[in-house]
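What's counted below: heavy atoms across the whole structure, side chains too, no hydrogens, waters or symmetry copies. Proteins get letters first, then strands, A, B, ... in listed order; numbering begins at 1 in each.
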Amino acid sequence: MPARRILLIDDEEDIREVVQVVLEMMAGWEVFQARSGREGLNRATIHRPDLILLDVMMPGMDGPATLQALRSEAKTCRIPVVFLTAKAQSADRSRLDQLGVAGVITKPFDFLQLPGQVAGAAGWSI
Amino acid sequence: MEESRRRRAAVAAVAAIWKRVQAVVSGRVALLEQATAALQVGILEEELRREAEQAAHKLAGCLGIFGLEEGSRLALQAEQALRAGAPLAGHQARRLAELVATLRRELEAAQRDSL
């Protein structure tokens, strides 16, 4: 079975590095990075990932706006999305859930638990 | 056995990333120190306040991921204190300065431990 392919959209480079390393090493998934919502839209269209990890708070096009744009494109509208959101914004959790995402992961997260959290949200086995 | 090996490899890789990002993390704390110093003399401008709030937000996220939970908690408190529309009274500005100083000490201790 080919490796799961994940697109990670987050403006913070250190977060992107950790997430990519952990998901690739521990779960054997293939991870693509995007530094912004706009770049993420382009990469989602090109790579057609199995899942998108999407940061909520980003400059310019934020997470919810990026999600809306993904949903409006035929090539990307069915890709499941998991939000990454800071703990301070977890009070907005119900609002984020209502956007129809597969899951919400709170930062900071325990990176050793991240593959399990992503798999759980996506309905995958590891 | 294989899962254990993968976990060890991931832990080592994240430790290597932590060493690489320490300068960036230290720079974010320096921005907080700059903002709190300006705040204490009553000259914190909006642009610096916004930059410091963003720096605190990034610190809250990344420090926790690298295992610095106390640092993450302190950064979150700093972010909340610096949020727009939350004017700081004198004692609150002093409290913020103490908080940032503690954050700096936490970071320096973590950097020593990682050597």
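Hydrophobic clustering places Leu99(A) together with Leu41(A) (ILVMFWY residues linked when any side-chain heavy atoms are closer than 4.5 Å, directly or through intermediates).
Considering CE of Met26(A) and CZ of Arg6(B), their distance stands at 9.5 Å, rounded to 0.5 Å. For the atom pair CE of Met25(A) and CZ of Arg8(B), the computed distance is 12.5 Å after rounding to the nearest 0.5 Å. Rounded to the nearest 0.5 angstrom, Cys62(B) SG and Lys107(A) NZ are separated by 9.5 Å.
Take Arg5(B) and apply the side chain to side chain donor-acceptor pair (under 3.5 Å) test, not counting sequence neighbours, and it matches Glu2(B).
Heavy atoms only, all atoms of each residue included: Pro108(A) and Gly64(B) are closest at CB-CA, 3.4 Å. Pairing each heavy atom of Ala86(A) with each of His57(B), the nearest pair is CB-CE1, 3.5 Å.
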>> Test side chain to side chain contact (heavy atoms under 4.5 Å, CB included) on Arg7(B) and Val22(A); report intermediate values, then the result.
In response: CA-CA 8 Å; Arg7(B) 281 170 66 97; Val22(A) 167; over 6 Å; no
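Heavy-atom distances place the backbone of Ala60(B), and not its side chain, under 4.5 Å from chain A. Contacts of Val11(B) with chain A are made by both backbone and side-chain atoms, with heavy-atom separations under 4.5 Å. With a 4.5 Å cut-off on non-hydrogen atoms, Ile17(B) touches chain A through its side chain but not through its backbone.
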Scan the side chains in residues 25-38 of chain B for donor-acceptor partners under 3.5 Å anywhere in the protein, sequence neighbours excluded, and list what turns up.
unit_1	atom_1	unit_2	atom_2	d
Ser26(B)	OG	Arg104(B)	NH1	2.9
Arg28(B)	NH1	Asp14(A)	OD2	3.2
Glu33(B)	OE1	Arg104(B)	NH2	3.1
Glu33(B)	OE2	Arg104(B)	NE	2.9
Thr36(B)	OG1	Leu32(B)	O	3.1
Thr36(B)	OG1	Glu33(B)	O	3.0

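A 4.5 Å side-chain heavy-atom check between Val18(A) and Phe66(B) finds at least one atom pair inside the cut-off.
Applying the salt bridge (Lys or Arg N to Asp or Glu O under 4.0 Å) test to residues at least two apart or on different chains, the pairs with a partner in residues 36-45 of chain A are Arg35(A)-Glu39(A), Glu39(A)-Arg43(A).
When the shell of 6.0 Å around CD of Gln68(A) is examined, it contains 12 or fewer heavy atoms from other residues, nucleotides or ligands. Sparse packing is recorded around CD of Glu69(B), with 12 or fewer heavy atoms of other residues, nucleotides or ligands lying under 6.0 Å away.
Of all residues spanning residues 109-124 of chain A, those with a heavy atom less than 4.5 Å away from chain B's heavy atoms are Phe109(A), Phe111(A), Leu112(A), arranged by number.
Among Glu3(B), Arg20(B), Gln54(B), the residue with the largest count of heavy-atom pairs under 4.5 Å with chain A is Arg20(B).
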